[in-house]
Amino acid sequence: MFEFKFTEEQNMLREMVRDFTNNEIKPIASKIDENEKIPAELIKKIGELGLMGVSFPEEYGGGGFGETGYCIVQEEIARGCMSTATMNGAHQSIGSNVIYLGGTEEQKQKYLVPLASGEKIGAFCLTEAQAGSDSFHLKTRAELDGDEWVLNGEKLWITNGSIADIVSVFARTSKGISAFIVETNTPGFTAGPPEKKMGIKGSTTNPISFDNVRIPKENLIGTDGRGFLLAMKTLDAGRLGLGAACLGAAKELLELSTVYAKQRKQFDTAISNFQAVQFMLAEMAMMIY
Ligand SMILES: Cc1cc2nc3c(=O)[nH]c(=O)nc-3n(C[C@H](O)[C@H](O)[C@H](O)COP(=O)(O)OP(=O)(O)OC[C@H]3O[C@@H](n4cnc5c(N)ncnc54)[C@H](O)[C@@H]3O)c2cc1C
């Protein structure tokens, strides 16, 4: 029978991330939101703790915790700061994961290893202005010219767009949609100004343009023309982590609401003594747990 219990290692991972979040992320979460920026030192610390590659096997510099471990990390980080969880999610579960799921051994050694350690930051470039839910109709093109692919097009809403070192890009070739690894210091790669968002403001979301970006032929991920399947497979992992992060944030909100309801007094008593307030807290707890 499948055991729905966390292992001792998973519980230790959760405790470690919870402590880190309480000590290093929560105290600066408001600043991250106000400044619309996650400090580079914080990203460095998250990488050093092994949280930016926790899902990947140890042979690629990861933590070997798989998707469950990744969800634990995202849940705990999001208790302190949803922007930081979003940065880590786009980096790990989609940006880097394309290389893990579809890359060759050489690509994994060259690109996944520095991504998993947090030495490099990753991003995932699929969405375009006219290709959101309907991402199959993307227009960015990749043409083979000798030993190089030449990429041209515009991407939109790319998390980590302006802070990434390595991005996974989906573009149309003569065979269909294909996936590519692009180093962001390649001439012709430009990240535009961050979107002004209503929330998760510390997580940068940028337009990206590819203007004759030349990358080595060997930076094609998987089979030419089979990239869309890889994108969909990758997004499955992305959705898992997003759900876990929302759960973490919701748990934190319930805790904050409960503490406030016990502290706040009206009509000479804590508002937690009013049944209408108890109903709201109980409903939140039911939905979360
Ligand atoms: C904060 C943020 C970060 C993002 N980060 C990234 C990233 O890192 N990389 C990346 O590639 N993209 C990223 N995106 C883009 C994201 O993946 C798209 O927003 C998403 O695919 C939806 O596309 P859209 O916004 O164009 O909405 P649309 O596709 O225009 O959809 C509009 C509405 O119509 C509904 N709808 C669409 N089609 C159907 C249908 N067939 N049936 C029923 N309802 C439908 C949708 O649910 C939605 O409510 C990000 C977006 C945001 C907001």
Side-chain angles (χ1 to χ4, degrees), residues 1-26 29 46-47 49-102 108 112 115-118 122 124 159 200 203 229-259 261-262 272 278-289:
M1 206 178 80
F2 189 82
E3 183 66 78
F4 284 100
K5 272 190 182 154
F6 291 113
T7 63
E8 204 184 322
E9 287 78 20
Q10 287 166 341
N11 285 330
M12 281 164 65
L13 174 69
R14 184 184 294 280
E15 259 173 54
M16 184 267 278
V17 186
R18 185 168 294 187
D19 282 350
F20 176 74
T21 300
N22 285 341
N23 297 329
E24 306 277 348
I25 303 182
K26 266 191 192 172
I46 296 172
L49 275 182
L51 306 182
M52 289 176 79
V54 74
S55 60
F56 302 122
E58 289 172 29
E59 65 202 275
Y60 300 122
F65 278 90
E67 295 303 336
T68 307
Y70 166 68
C71 285
I72 290 171
V73 169
Q74 289 300 89
E75 187 185 328
E76 292 303 324
I77 291 180
R79 286 184 91 127
C81 175
M82 195 68 179
S83 291
T84 306
T86 304
M87 176 282 298
N88 193 32
H91 157 84
Q92 187 168 175
S93 73
I94 51 176
S96 310
N97 209 19
V98 179
I99 302 172
Y100 174 60
L101 293 175
K108 287 179 192 170
L112 183 60
L115 285 165
S117 68
F124 176 88
T159 303
I200 52 166
S203 158
L229 280 177
L230 182 57
M232 294 301 109
K233 210 168 147 190
T234 305
L235 284 171
D236 286 344
R239 290 186 185 107
L240 272 182
L242 206 53
C246 290
L247 178 66
K251 282 181 175 174
E252 182 69 13
L253 290 175
L254 174 60
E255 214 165 295
L256 291 172
S257 306
T258 309
V259 168
K262 283 181 178 166
S272 60
Q278 291 169 5
F279 279 154
M280 283 192 278
L281 294 172
E283 207 168 313
M284 284 165 78
M286 264 176 3
M287 285 196 274
I288 294 167
Y289 295 94

Exercise. Supply the atom-to-atom distance Leu247 CG to Glu75 CD, rounded to the nearest 0.5 angstrom.
Key: 4.5 Å
Exercise. Give, for atom CD1 of Ile99 and atom NZ of Lys108, the distance between the pair rounded to the nearest 0.5 Å.
Key: 10.0 Å
Quiz item: How far apart are the closest heavy atoms of Leu281 and Ala261, and which atoms are they?
Solution: CD1-CB, 4.0 Å
Self-check item: Nearest-0.5 Å distance that lies between atom CZ in Arg18 and atom CZ in Arg79
Solution: 4.5 Å
Practice problem: Give a yes or no on whether the backbone of Gly241 and the side-chain of Gln74 come within a donor-acceptor separation of less than 3.5 Å. | Solution: no
Quiz item: How close do Met52 and Gly118 get, heavy atom to heavy atom, and via which atoms?
Solution: SD-CA, 3.9 Å
Quiz item: If you round to the nearest 0.5 Å, how far is CD of Glu252 from OG1 of Thr21?
Solution: 9.5 Å
Quiz item: Quick check: are there more than 12 heavy atoms from other residues, nucleotides or ligands sitting under 6.0 Å from CE of Met12?
Solution: no
Quiz item: After noting the C-alpha distance and the side-chain angles of Leu51 and Met16, does the key distance pass the side chain to side chain contact (heavy atoms under 4.5 Å, CB included) rule?
Solution: CA-CA 10 Å; Leu51 306 182; Met16 184 267 278; 4.0 Å; yes
Practice problem: Grab the two heavy atoms, one from Ala250 and one from Ile288, that are nearest each other, plus how far apart they are. | Solution: O-CD1, 3.3 Å
Quiz item: Hey, does the side chain of Asn88 reach the backbone of Thr84 with a donor-acceptor pair shorter than 3.5 angstrom?
Solution: no
Exercise. Decide whether Gln278 and Ser272 meet the rule of one side-chain donor and one side-chain acceptor closer than 3.5 Å.
Key: no
Self-check item: Donor-acceptor contact present, side-chain His91 to main-chain Ala116, <3.5 Å
Solution: no
Quiz item: How far apart are the C-alpha atoms of Thr234 and Tyr100, what are their side-chain angles, what is the distance that settles it, and do they pass the side chain to side chain contact (heavy atoms under 4.5 Å, CB included) test?
Solution: CA-CA 9 Å; Thr234 305; Tyr100 174 60; over 6 Å; no
Practice problem: Apply the test side chain to side chain contact (heavy atoms under 4.5 Å, CB included) to residues Thr159 and Met87: give CA-CA distance (whole Å), side-chain angles for both, the deciding distance (0.1 Å), then the verdict. | Solution: CA-CA 7 Å; Thr159 303; Met87 176 282 298; 5.7 Å; no
Practice problem: Taking Glu76 for its side chain and Val73 for its backbone only, find out whether a donor-acceptor pair lies under 3.5 Å. | Solution: no
Practice problem: Please report the shortest heavy-atom distance between Ile25 and Cys81, naming the atom on each side. | Solution: CG2-CB, 3.4 Å
Quiz item: Any salt bridge (Lys or Arg N to Asp or Glu O under 4.0 Å) pairs touching residues 51-70, not counting sequence neighbours?
Solution: none
Self-check item: Heavy-atom side-chain proximity of Ser93 to Tyr70 below 4.5 angstrom
Solution: yes
Exercise. State, to 0.1 Å, how close Ile94 and Gly238 come at their nearest heavy-atom pair, and which atoms those are.
Key: CG2-CA, 3.9 Å
Quiz item: More than 12 foreign heavy atoms under 6.0 Å from NZ of Lys26: is that the case here?
Solution: yes
Quiz prompt | CA sep, side-chain torsions, deciding dist, call: Phe6, Leu13, side chain to side chain contact (heavy atoms under 4.5 Å, CB included) | solution = CA-CA 10 Å; Phe6 291 113; Leu13 174 69; over 6 Å; no
Quiz item: With a 4.5 Å heavy-atom cut-off, do Phe56 and Leu115 have their side chains touching?
Solution: no
Exercise. Could you tell me the separation between the CD1 atom of Ile72 and the CD atom of Glu15, rounded to the nearest 0.5 Å?
Key: 11.5 Å
Quiz item: Hey, does the side chain of Ser96 reach the backbone of Leu112 with a donor-acceptor pair shorter than 3.5 angstrom?
Solution: no
Quiz item: What distance do Leu240 atom CG and Ser55 atom OG have between them, rounded to the nearest 0.5 Å?
Solution: 10.5 Å
Quiz item: Taking Gln92 for the side chain and Val54 for the main chain, is one N or O donor matched with an acceptor at less than 3.5 Å?
Solution: yes
Quiz prompt | Arg14 and Glu9 ion-paired at < 4.0 Å | solution = no
Quiz item: Looking only at heavy atoms, which two atoms of Ala78 and Ala245 are closest? And how far apart?
Solution: CB-O, 3.1 Å
